[in-house]
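Heads up: the structure comes next, in structure tokens.
All heavy atoms count here, side chains included; hydrogens, waters and symmetry mates do not. Letters A, B, ... mirror the listed sequences (proteins, then strands); counts begin at 1.
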Amino acid sequence: MWIITACSRVPRAASRKAVKSSSAYFVGRHMRGLWLKIWIASEVVSWARSNTFSRPPLVETWAPISMSDDPQTDSPFRVRFAPSPTGALHIGGARTALYNWLQARHQGGELVLRIEDTDRERSTPDNVEQILDALGWLELDWEEGPLSQAARAERHREAVEQLLEGGAAYRDPAMADDVRAWKERHGKQRGYRGEPSDDETAAVRLRMPDGGDTVVDDLIRGEVRFPNANADDFVIARGDGSVLYNFAVAVDDADMGITDVIRGDDHLSNTPKQLLVMEALGVEPPRYAHLPLLHGPDGKKLSKRHGAASVQELRDAGYLPAAVRNYLALLGWGTDDDTTIMSTQELVERFDVGDVGTSSAIFDEQKLRWLNGRFMREMPLEEYTEAVARHLGREPDEALRAACAIVQDKAQTLDEVWPLISFLFAEPEYDPKAWKKVMKDSAMTLLTDARAALEGAEPFDAETIEATLAPVLAEHDVKPGKLYQPIRVAISGGTVSPGIFESLAALGKSASLQRIQRALDEGSAVST
RNA sequence: GGCCCCGUGGUCUAGCGGUAAAGAUUCCGGCUUUUCAAGCCGUGAGACGCCGGUUCGAGUCCGGUCGGGGCUACCA
């Protein structure tokens, strides 16, 4: 008899009142393989206790906020992120990493990074590097790791041996075709059961119970039960002794003292297998939380086909890590009061994996853009300049800083910044369409007067420039746009730029006058 | 095929049997006597997959059905 401790799903309404219910139940197994379940629900947490752990004011830092209220679990809170390095870290993986990180920080626990590299075909050092790079960019850190799962092969073999000796597992030479044939004979819904063999080169299978259900008490989905009769005796170790995923994961999670497994929904169906492995090993399983999967705009599983599918692509597209974290956190989770924009600290304080929703979400870049724009605008100029510099591969010098100052409230992504300020760093090319649209003959007259007026503008700052240009406007009795647009084209080459006064000031007096003169020259050249 | 998960405006969330289903984003219109954005405003547009059942009353509970997804490897 062994015990599963599990924390039942905490209803939102309850958590809102800061009352957390908890329950533990025992799952025992009859000799025949019947599962017995005794529900021992208990409202362990009284008001007194909930007061002890009530949420601190928002200013408080990342101290443990809500401690695990499961009396069975005194071990420190420990989660893990366990990606398999078979490619770049995509958005779904990034969200899983973030949720693990947030929960670890929220609980004041630890995060372990474990690389699931037992697939020797597909796992490459380069992919590991990419994952580390992505996590680094997202500014997610961890207490332990990166640990290599492949490096633990010896321990895995040992565990297989243990099960073989105890009779929980057996050697079976059957191959995939044999299993299929067996199922043809016994009915599709019957789980495969093999014949033990002495063949030392045969794969090792775990014996599944013939009756009852294996229950996963998921923090997000509640109780999910899987009929044992339906499950195959599955292979835990290959003929050569190397182990398979569902076995390695169970052994590692147990060995590493993981208390909570937060991972994608695609692992929900694997969980009963892992639970059974742990039971055979005689260890206590962790709590589980299976996150709904993320999908692309077409509703299909996220893949390279969809725009920015990897973290690297997000970075290259000019998004801010803080904005990406905020957006990802909101994909599947929300606050009770509809708050959308949150600092990372606020995320840590408010996030609770038990509040994550059950339905899959679609990655929507439009909302990310909006959110990113909000973060961009609220950044201190210093920080903004550095982010822009890093993105452009330039130095965050005075010139860039000045350019950033006039463009900060206009761009939604880092990528949009350069086109708006490049005219400050190089002589612009006139955009033919822009020229044709605004540089009419009347515009040339206005430009001539504006240039003359600007010569007297001192100091050459936005305020003075505006005041200097006002009389020109009045004199010709035209709408502001009639004057400003030609100036804009003259100094920036196009019809879109930051505010015209700020742009002139940032360019400087001599360059501004010189460019207006150039436009004038070009204008007269065209008309003659 | 078998087992499992999911289904509220285009998208993300709220809604926990009882006022005209709420917020965010998006789109549309307007304002900001400088472009493009941003911002602000709007009694603007847009949703409970479908069918039954329980109930005085269902987006909310039950059954079925359809749709999407996952697992079903000596992959992870």
Side-chain angles (χ1 to χ4, degrees), chain A residues 11-13 82-86 116-123 149 172 174-176 179 183 187-191 202-205 216 218 220-221 224-227 230-232 234-240 242-246 248-249 264-273 290 292-293 295 297 299-301 327 330-341 357-371 373-374 376-377 407-412 416 420 434 438 466 469 473 479-485 487-489 492 494-501 503:
Chain A
R12 285 183 87 98
S84 62
T86 53
E116 314 250 297
D117 52 357
T118 52
D119 184 341
R120 290 149 301 190
E121 304 276 290
R122 297 189 295 164
S123 302
Q149 187 165 61
D172 178 14
M175 302 301 277
V179 173
K183 288 197 156 193
K188 292 264 188 186
Q189 63 276 65
R190 276 288 291 142
V204 179
R205 288 181 187 271
V216 178
D218 195 275
I220 292 173
R221 317 211 173 252
V224 184
R225 42 187 69 237
F226 298 83
N230 204 275
D232 294 337
F234 66 103
V235 176
I236 59 175
R238 300 182 181 92
D240 67 4
S242 60
V243 299
L244 267 65
Y245 172 75
N246 280 310
V249 170
D265 203 5
D266 47 342
H267 291 287
L268 183 55
S269 304
N270 287 325
T271 310
K273 293 180 187 174
H290 287 96
L293 259 22
H295 296 277
K300 292 280 194 286
K301 194 181 174 184
Y327 177 72
L330 255 19
L331 234 39
W333 172 80
T335 59
D336 290 334
D337 59 3
D338 285 329
T339 305
T340 34
I341 303 196
T358 51
S359 56
S360 58
I362 290 175
F363 176 76
D364 176 29
E365 202 169 340
Q366 280 185 320
K367 192 159 183 179
L368 207 210
R369 285 184 67 81
W370 167 78
L371 203 52
R374 294 290 300 252
M376 298 252 296
R377 264 170 275 127
V407 80
Q408 186 172 3
D409 61 350
K410 296 179 68 70
Q412 279 188 291
E416 292 172 2
L420 289 167
V438 293
E466 180 168 16
L469 257 16
L473 232 40
K479 285 208 238 167
K482 288 284 178 204
L483 171 62
Y484 299 150
Q485 279 303 79
I487 297 178
R488 200 183 305 277
V489 173
S492 77
T495 55
V496 178
S497 84
I500 192 65
F501 315 123
S503 293

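Nucleotides G53(B) and U60(B), compared at atom C1', are 15 Å apart to the nearest Å. Going from the C1' atom of G15(B) to that of A47(B) covers 13 Å, rounded to whole Å. For the P atoms, the distance linking C28(B) with C36(B) amounts to 14 Å, nearest Å. Nucleotides C74(B) and C61(B), compared at atom P, are 39 Å apart to the nearest Å. Distance noted for atom P between G44(B) and G49(B): 24 Å (whole Å). Distance noted for atom P between C27(B) and U11(B): 15 Å (whole Å). Between A14(B) and G2(B), the distance separating the two C1' atoms is 37 Å to the nearest Å. With both ends at atom P, the span from G7(B) to C50(B) equals 14 Å, rounded to whole Å.
Between Trp370(A) and Asp364(A), the closest side-chain pair of non-hydrogen atoms is not below 4.5 Å. Residues Ile236(A) and Asn246(A) are not in side-chain contact: their nearest non-hydrogen atoms beyond the backbone lie 4.5 Å or more apart. The shortest distance between side-chain heavy atoms of Phe234(A) and Lys273(A) falls below 4.5 Å.
At the heavy-atom level, Pro480(A) lies under 4.0 Å from the strands shown only through sugar-phosphate atoms. Arg377(A) comes within 4.0 angstrom of sugar-phosphate atoms only, judged by non-hydrogen atoms across all strands, and of no base. Here Asn230(A) lies in heavy-atom contact (under 4.0 Å) with sugar-phosphate atoms only. Among the atoms of the strands shown, base atoms are found under 4.0 Å from some heavy atom of Ala174(A). Contacts of Tyr327(A) with the nucleic acid, taken as non-hydrogen atoms under 4.0 Å apart, are absent. Within 4.0 Å (heavy atoms only), Pro272(A) reaches no atom of the nucleic acid at all. In this structure, Phe226(A) reaches the sugar-phosphate backbone alone: every heavy-atom distance under 4.0 Å involves primed, P, OP1 or OP2 atoms, never a base. Contacts of His290(A) with the nucleic acid, taken as non-hydrogen atoms under 4.0 Å apart, are absent. Residue-level contact check: Gly332(A) touches the backbone only, with heavy atoms under 4.0 Å from sugar-phosphate atoms and none from bases. Looking at heavy-atom distances under 4.0 Å, Ser497(A) makes contact with a base.
When the side-chain nitrogen and oxygen atoms of Thr118(A) are compared with OP1 and OP2 of A76(B), one or more of them lie within a distance under 4.0 Å. An OP1 or OP2 oxygen of C75(B) is reached within less than 4.0 angstrom by a side-chain nitrogen or oxygen of Arg238(A).
In this structure, Leu371(A) atom CG and G23(B) atom P are separated by 19 Å, rounded to whole Å. At whole-Å resolution of the value, CD in Glu116(A) and C1' in A76(B) are 7 Å apart. Rounded to an integer number of Å, the gap from Ile500(A) CD1 to U33(B) C1' is 17 Å. Between the CD atom of Glu365(A) and the P atom of C12(B) there is a distance of 15 Å, rounded to whole Å. Put simply, CD1 on Ile341(A) is 17 Å from P on U13(B), counting in whole angstrom units. At whole-Å resolution of the value, CD1 in Ile487(A) and P in U35(B) are 14 Å apart. Rounded to whole Å, the distance from NE2 on His267(A) to P on G69(B) is 18 Å. Rounded to whole Å, atom C1' of C12(B) lies 13 Å from atom CH2 of Trp333(A).
Checking C5(B), C12(B), G2(B) against the side-chain heavy atoms of Lys188(A) singles out G2(B) as nearest. Among U35(B), A76(B), C6(B), the nucleotide with an atom closest to any side-chain atom of Arg488(A) is U35(B). Considering only the side chain of Val235(A), C74(B) comes nearest among C5(B), C74(B), G70(B). Each of C74(B), G10(B), C12(B) was ranked by its minimum atom distance to the side chain of Leu331(A); first place goes to C12(B). If you check G70(B), C74(B), C4(B) against the side chain of Leu293(A), the one that comes closest is G70(B). Nearest to the side chain of Thr495(A), among U34(B), U11(B), U35(B), sits U35(B). In the set U25(B), A38(B), G7(B), A38(B) carries the atom at the smallest distance from any side-chain atom of Gln412(A). Comparing C4(B), U35(B), G39(B) by their closest approach to the side chain of Lys410(A) singles out U35(B). The side chain of Thr340(A) approaches A24(B) more closely than any other nucleotide in the set G39(B), A24(B), C12(B). Checking C74(B), C5(B), U72(B) against the side-chain heavy atoms of Asp232(A) singles out U72(B) as nearest.
In the model, Arg488(A) has no side-chain atom that pairs as donor or acceptor with a side-chain atom of Ser492(A) under 3.5 Å. For the 3.5 Å distance criterion, the side chains of Asp265(A) and His290(A) fail to qualify, holding no donor opposite an acceptor.
Under the Watson-Crick or G-U wobble criterion, with both distances below 3.5 Å, A24(B) is paired with U11(B). U19(B): no Watson-Crick or G-U partner with both key distances under 3.5 Å is found in any strand. Across every strand in view, U33(B) sits unpaired, with no contact that passes the Watson-Crick or G-U test at under 3.5 angstrom. The base-pairing partner of G59(B), taking Watson-Crick or G-U wobble contacts with both distances under 3.5 Å, does not exist among the strands shown. Judged by Watson-Crick or G-U wobble contacts below 3.5 Å, the nucleotide C3(B) has G70(B) as its partner.
A donor-acceptor contact under 3.5 Å is not formed by the side chain of Arg369(A) with the base of U25(B). A donor-acceptor contact under 3.5 angstrom links the side-chain atoms of Ser269(A) to the base of G70(B).
With respect to the salt-bridge test (charged N to carboxylate O, under 4.0 angstrom), the residues Asp409(A) and Arg377(A) do not qualify. A salt bridge is defined here as a Lys NZ or Arg NE, NH1 or NH2 lying under 4.0 Å from an Asp or Glu carboxylate O, and Asp232(A) with Arg205(A) fails to meet this definition.
Residues Val243(A) and Asp265(A) each lie close to RNA chain B; by heavy-atom proximity, the contact nearer the 5' end of the strand is made by Asp265(A). Heavy-atom distances to RNA chain B give each of Pro227(A) and Pro83(A) a nearest nucleotide, and the one nearer the 5′ end belongs to Pro227(A).
With hydrogens and angles disregarded, no donor-acceptor distance shorter than 3.5 Å links the side chain of Gln485(A) to the backbone of Gly481(A). Side-chain N or O atoms of Gln408(A) include one that pairs as donor or acceptor with a backbone N or O of Met376(A) at under 3.5 Å. At least one donor-acceptor pair under 3.5 Å links the side chain of Ser503(A) to the backbone N or O of Pro498(A).
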